[in-house]
Amino acid sequence: MVLKDKDLVARCQAGDRQAFRQLVEKYQQKVFGILYGMVRDAEDARDLTQDVFLRVYGNLSSFRGQSSFYTWLYRITLNISYDHLKKAKNRPLTLMENPVEDAAISEDALAMFGQSNFRGSPQWNLDTQELAHMVGRALESLSEAHRAVILLRELHGMSYDEMAQTLQCNVGTVMSRLFNARAAMKKAMEPYLQEKETRS
């Protein structure tokens, strides 16, 4: 039987460790995806994923369900990523720490750049790596706030209301950040997209 998040949370709060394991299994890849997109280092993202679920476990007793579990979880995820980035501010980012993870992000970014018809073509594997590199560079050029909205919307498909709950701001702010983030991403990607169009 597949339980809803609120039922799993209730069981966790009653001391059911198996219910917590189910929540971890359900969300760990999504949490990792956000963290990797934010911190751009696969090893750090794995360590921070563990930190997220440790914090979730320690704070579940105070969760009252005023927002959905996953918006609360993603809020914790982003807060941990912000803390990490502050500590690592003087450490330069390394591009393409994990091409596989970058490729996963780039697949979801295709539609944003109007390239969804490109998926499945014979050039897909080669060009996905190239696109992954460019998406990674574009993400790194964004502010933390803009990086967060891109990941929540384009990678996880969250609604504006869900994003507002996660980021604890109003919907207008979310829409403004997303507009600016998309514009910045497209500007950063323009040379690659123009070159690819010339080649095709």
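Since the model is a prediction, treat every value here as computed from it, not as a measurement.
Follow the hydrophobic side-chain contacts under 4.5 Å out from L139 and you never reach F179; the two are in separate clusters. Linking ILVMFWY side-chain heavy atoms closer than 4.5 Å, directly or via other members, places L35 and Y57 in a single hydrophobic cluster. Cluster membership for L54 and V39, using ILVMFWY side-chain heavy atoms within less than 4.5 angstrom, is not shared.
Taking the six-membered ring for Trp, Y70 and H156 have ring centres at least 6.0 Å apart. Separation of the F53 and Y27 ring centroids does not fall under the 6.0 Å cut-off.
Distance alone, capped at 3.5 Å, places no donor-acceptor pair between the Q50 side chain and the D47 backbone. Panel note: side chain S176, backbone G172; no donor-acceptor pair is recorded below 3.5 Å. Remark: side-chain polar atoms of T173 are not paired, donor with acceptor, to backbone N or O of C169 under 3.5 angstrom. Not a single donor-acceptor pair under 3.5 Å links the side chain of D7 to the backbone N or O of L3. With R75 contributing its side chain and Q165 its backbone, the two residues share a donor-acceptor pair below 3.5 Å.
With contacts defined as side-chain heavy-atom distances shorter than 4.5 Å, the pair R182/V149 does not qualify.
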side-chain contact (heavy atoms from CB on, under 4.5 Å) between R46 and Y36: does it pass, once the steps are laid out? CA-CA 8 Å; R46 289 188 187 96; Y36 179 71; over 6 Å; no

Run the side-chain contact (heavy atoms from CB on, under 4.5 Å) test on L60 and F20 for me, step by step, so that the C-alpha distance in whole Å, both residues' side-chain angles and the decisive distance to 0.1 Å come before the verdict. CA-CA 10 Å; L60 260 179; F20 184 71; 3.9 Å; yes

side-chain contact (heavy atoms from CB on, under 4.5 Å) between M158 and Y74: does it pass, once the steps are laid out? CA-CA 11 Å; M158 292 181 74; Y74 290 175; 3.5 Å; yes

If you apply the rule side-chain hydrogen bond (donor to acceptor under 3.5 Å, both in side chains), what do you find for S68 with T71, and how did you get there? CA-CA 6 Å; S68 64; T71 59; 3.1 Å; yes

Pair K30, T77 - check side-chain contact (heavy atoms from CB on, under 4.5 Å), show working. CA-CA 10 Å; K30 294 177 181 179; T77 301; over 6 Å; no

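The aromatic rings of W72 and F69 lie tilted to each other, with the angle between the two planes from 30° to 60°.
At a threshold of 4.0 Å, the pair E140-R147 does not count as salt-bridged, since none of the basic side-chain nitrogens sits closer than that to a carboxylate oxygen.
With 3.5 Å as the limit, one finds no donor-acceptor pair spanning the side chains of H146 and N180.
For the residue pair A181 and L142, the shortest heavy atom distance occurs at O-CD2, 4.1 Å. Contact detail for S61 and R64: the closest heavy-atom pair is O-NH1, 2.7 Å. Listed here is the closest heavy atom pair of R40 and G136: NH2-CA, 3.0 Å.
Here NZ of K26 is found 10.5 Å from CG of L73. Values are rounded to the nearest 0.5 Å. With values rounded to the nearest 0.5 angstrom, D83 atom CG is found 11.0 Å from L78 atom CG. Considering CG of D5 and SG of C12, their distance stands at 10.0 Å, rounded to 0.5 Å. Between atom CZ of residue F63 and atom OG of residue S67 there is a gap of 5.0 Å, rounded to the nearest 0.5 Å. The structure places CG of L152 at 9.5 Å from CG of L178, a figure rounded to the nearest 0.5 Å. Expressed to the nearest 0.5 Å, how far CG of L23 lies from CD of Q18 amounts to 10.5 Å.
Here the options are V52, I80, V24, L48, the test is side chain to side chain contact (heavy atoms under 4.5 Å, CB included), and the partner is V31; only V52 passes.
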